[in-house]
Amino acid sequence: DGGITQSPKYLFRKEGQNVTLSCEQNLNHDAMYWYRQDPGQGLRLIYYSQIVNDFQKGDIAEGYSVSREKKESFPLTVTSAQKNPTAFYLCASSPRRTLLNQPQHFGDGTRLSIL
Amino acid sequence: AQKITQTQPGMFVQEKEAVTLDCTYDTSDQSYGLFWYKQPSSGEMIFLIYQGSYDEQNATEGRYSLNFQKARKSANLVISASQLGDSAMYFCAMREALTQGGSEKLVFGKGTKLTVNP
């Protein structure tokens, strides 16, 4: 079945360490997104990508980096510059850059905690 | 910028009863779209229903329906015949343009936690 796979499900980061969250989709979608969710909050956009080799900052990009070398893959790196990385991270994709009436499809998320 | 407000942090409903989850929005766009998602405790976001601003009828999808009142800028989700499996967080979201290139993102409300009691 087509879908979005995020790994790992749980991740722990030590102080000063960079960690990378994986997001792979086999839906042949052009657009991919990374969201952050804090307890009691909605989702906030970190980065998005419309096509391969292109990505843009979202609302809370500081301390994060991404790459889009393949259509299927959009990994997110949480750098040591992100001082409060503990959160739930969700990856999403959509068929095209304009959503119209098509919902974004989401992965199952990665829960990141500080050791 | 768009804004989504969900004023009910938590709601309780008895199994088999109907429940309404509130959502109000703020936008200056004439054309817009509203989505509702369900997030179980496992974390994945499940799309439930969509309402476009120009849709003449309220959206329905199985036990889910939208009470869309454009003049009041509200898009409340109605769940009929609640089931225990409906216990989850529910998020209202709206499309928002990202760049002039036509990209869009979703702007989310803070969510409502629904608990269905047996």
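Basis for what follows: all heavy atoms, side chains included, without hydrogens, waters or symmetry-related copies. Lettering follows sequence order; numbering is per chain, from 1.
With contacts defined as side-chain heavy-atom distances shorter than 4.5 Å, the pair B/Leu106/A/Tyr33 does not qualify. A heavy-atom distance below 4.5 Å is not found between the side chains of A/Gln104 and B/Phe47.
In this structure, A/Tyr35 OH and B/Met45 CE are separated by 9.0 Å, a value rounded to the nearest 0.5 Å. B/Lys105 contributes atom NZ, which lies 11.0 Å from atom CZ of A/Arg44 (distance to the nearest 0.5 angstrom). The distance from the CG atom of A/Asp59 to the CD atom of B/Glu96 is 7.5 Å, given to the nearest 0.5 Å.
Residue B/Lys3 places its NZ atom among 12 or fewer non-hydrogen atoms of other residues, nucleotides or ligands, all under 6.0 Å distant. Other residues, nucleotides and ligands place no more than 12 heavy atoms under 6.0 Å from the NZ atom of B/Lys110. By the neighbour-count criterion of 12 heavy atoms within 6.0 Å, atom NZ of B/Lys113 is sparsely surrounded, having that number or fewer from other residues, nucleotides or ligands. For CD of A/Gln17, the number of neighbouring non-hydrogen atoms (other residues, nucleotides, ligands) closer than 6.0 Å is greater than 12.
Looking at A/Leu90, only its side chain comes within 4.5 Å of chain B, counting heavy atoms on both sides.
Under the side-chain hydrogen bond (donor to acceptor under 3.5 Å, both in side chains) criterion, the residue pairs touching residues 31-46 of chain B are A/Gln37-B/Gln39, B/Tyr25-B/Tyr32, B/Ser42-B/Glu44, with sequence neighbours excluded.
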